[in-house]
Amino acid sequence: MSPKIPVTRLCAAPCKRIDLLASPRSAALWIGWLVLACAVVAFAVAIPWLVRVAICLVLATANAFAIRRCVLLLGSGSVRALEWADRGEFTVLLGAALSAHPATLAGGSFRLGGLLVLRFRTAAGMRSVLIDGGRQPKGEFRRLCRRFRAFPEGG
C-alpha cells in the first residue's frame, strides 16, 4: 500500500505565495552575535565605562526590536507572508491580521546560503524580514529564491 499524501493547501499553479515561519535558530544566533559584540565593547575598548554601558544598551535595544519584528515575526509591522507576480511586484502581508500592502524590493536585499534577507518599500514604510530556508516549506522557498534571482533589484 502506498503512503498517504499529506494534506497541503491548494494554490493556483504555480503558487506565488509563502507564509513565513519564525526562526528561533536565527534569533539565537543573532543574540549570540549581540552578546559577543557587547562583550567586545565592554571589555576591549578603551573608553569610559559609562559610555561602554550606553553603547551596549543602545545595541541591545535596537537589536531586540529587529529580532522581534524581522526574525520572530512578532508585532503588527512584521512581514508574515509574501505574494509576488511574474513581473516582479510584491505584496507583503503584515501582522496577525495579514493586512496587504503593495511593495517593491529595496536595495540591501541578499541571499546568504539558506538565509534570505529581504527589504521592502511600502506605503507604510520600509519592512525587512530574515527568512530561514531551513524553516520554510521547501517548494515555496525555492520559488521565492528563483523570483529573487530573476529580479534582484525588485523588478
Side-chain angles (χ1 to χ4, degrees), residues 1-39 55-155:
M1 186 160 120
S2 301
K4 286 187 173 186
I5 297 173
V7 177
T8 58
R9 177 176 46 107
L10 296 177
C11 188
C15 185
K16 293 183 171 98
R17 177 185 169 118
I18 184 169
D19 294 305
L20 301 174
L21 300 172
S23 177
R25 174 179 62 176
S26 296
L29 289 171
W30 193 330
I31 290 169
W33 172 86
L34 179 61
V35 168
L36 197 60
C38 285
I55 291 171
C56 288
L57 286 174
V58 168
L59 275 174
T61 303
N63 280 278
F65 285 114
I67 291 168
R68 184 176 188 276
R69 180 177 275 185
C70 302
V71 180
L72 296 176
L73 309 179
L74 299 172
S76 61
S78 65
V79 177
R80 299 284 182 91
L82 296 172
E83 295 175 349
W84 60 92
D86 288 330
R87 294 176 307 196
E89 300 90 12
F90 276 99
T91 300
V92 295
L93 293 109
L94 301 178
L98 296 178
S99 59
H101 297 271
T104 56
L105 200 57
S109 299
F110 63 93
R111 181 174 181 191
L112 182 63
L115 294 177
L116 194 56
V117 176
L118 299 177
R119 299 187 56 205
F120 296 100
R121 187 173 294 111
T122 70
M126 292 294 287
R127 301 289 184 229
S128 299
V129 63
L130 185 143
I131 304 170
D132 183 354
R135 296 267 306 145
Q136 309 306 318
K138 298 290 184 223
E140 295 173 7
F141 184 70
R142 283 189 199 120
R143 281 189 288 276
L144 179 60
C145 289
R146 278 195 302 269
R147 161 52 188 91
F148 180 67
R149 247 189 335 263
F151 300 98
E153 286 85 31

Please list, one pair per line, the donor and acceptor atoms closer than 3.5 Å that link side chains of residues 112-122 to other protein atoms, with sequence neighbours excluded.
{"from": "R119", "atom 1": "NH1", "to": "G107", "atom 2": "O", "distance (Å)": "3.3"}
{"from": "T122", "atom 1": "OG1", "to": "A124", "atom 2": "N", "distance (Å)": "3.1"}
{"from": "T122", "atom 1": "OG1", "to": "G125", "atom 2": "N", "distance (Å)": "3.2"}
{"from": "T122", "atom 1": "OG1", "to": "G125", "atom 2": "O", "distance (Å)": "2.7"}

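- Listed here is the closest heavy atom pair of R127 and G77: CD-O, 3.3 Å.
- Atom CD of residue E140 and atom CD1 of residue I131 lie 11.0 Å apart, to the nearest 0.5 angstrom.
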Go through the steps to decide whether L82 and L93 satisfy the test side chain to side chain contact (heavy atoms under 4.5 Å, CB included), and finish with yes or no.
-> CA-CA 6 Å; L82 296 172; L93 293 109; over 6 Å; no

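- Inter-residue side-chain proximity for R149 and R111 is flagged as met; some heavy-atom pair is nearer than 4.5 Å.
- Side-chain atoms of L94 and V79, non-hydrogen and from C-beta on, do get closer than 4.5 Å to each other.
- One finds the CZ atom of R68 at 11.0 Å from the CG atom of L73 (value rounded to the nearest 0.5 Å).
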Checking side chain to side chain contact (heavy atoms under 4.5 Å, CB included) for the pair R80/D19: CA distance, chi angles, key distance, verdict?
-> CA-CA 6 Å; R80 299 284 182 91; D19 294 305; over 6 Å; no

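- Counting only residues at least two apart or on different chains, the side-chain hydrogen bond (donor to acceptor under 3.5 Å, both in side chains) pairs with a member in residues 90-100 are S99-H101.
- Distance alone, capped at 3.5 Å, is enough to place a donor-acceptor pair between the S109 side chain and the A106 backbone.
- When every heavy atom of R147 is checked against every heavy atom of F90, the shortest pair comes out as NH2-CE1, 3.0 Å.
- Nearest heavy atoms, A27 versus L72: CB-CD2, 3.8 Å.
- To the nearest 0.5 Å, atom CG of residue L74 and atom CD1 of residue I67 are 11.5 Å apart.
- Q136 places a side-chain N or O within donor-acceptor distance of the main-chain N or O of L21, the cut-off being under 3.5 Å.
- Note on residues 24-36: pairs passing side-chain hydrogen bond (donor to acceptor under 3.5 Å, both in side chains), not counting sequence neighbours, are S23-S26, R25-D132, W30-N63.
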